[in-house]
Amino acid sequence: MAKRDRAGQKPVAEAVRELIGTEDNRLHLHKLLRLAVVSELTPTLESLLEAIDRARQEESP
């Protein structure tokens with residue numbers, strides 16, 4: 001992962017989060033990788049993810 005960061009590419013975790021950002025992609029990954037799909041997040045988890053996104057945006061130059 002460090003090589004990806006040095007090369008100016010997105011970290012893997014960020015790329016995956018973008019991939020699962022749409023319902024179609026989540027369903028496709030669910031079928032492809034046999035992952036569990038959570039259609040709705042609990043309010044606590046949703047607010048935690050929003051806080052993480054805000055913190056990342058504040059860190060970005």
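Computed from a prediction, not measured in an experiment: that's the story for all the values here. We count residues from 1, following the sequence as given.
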**Study point:** Rounded distance (nearest 0.5 Å) linking atom CG of Asp53 with atom CD of Glu58
**Key:** 11.0 Å
Exercise for review: List for me each residue that meets salt bridge (charged side-chain N to carboxylate O under 4.0 Å, His left out) alongside Glu46, sequence neighbours excluded, and say none if there are none.
Suggested key: none
Check your understanding: In Å and rounded to the nearest 0.5 Å, what is the CD to CD1 distance from Gln57 to Ile52?
Key -> 12.5 Å
**Study point:** Partner set under side-chain contact (heavy atoms from CB on, under 4.5 Å) for Thr44, not counting sequence neighbours
**Key:** Thr42
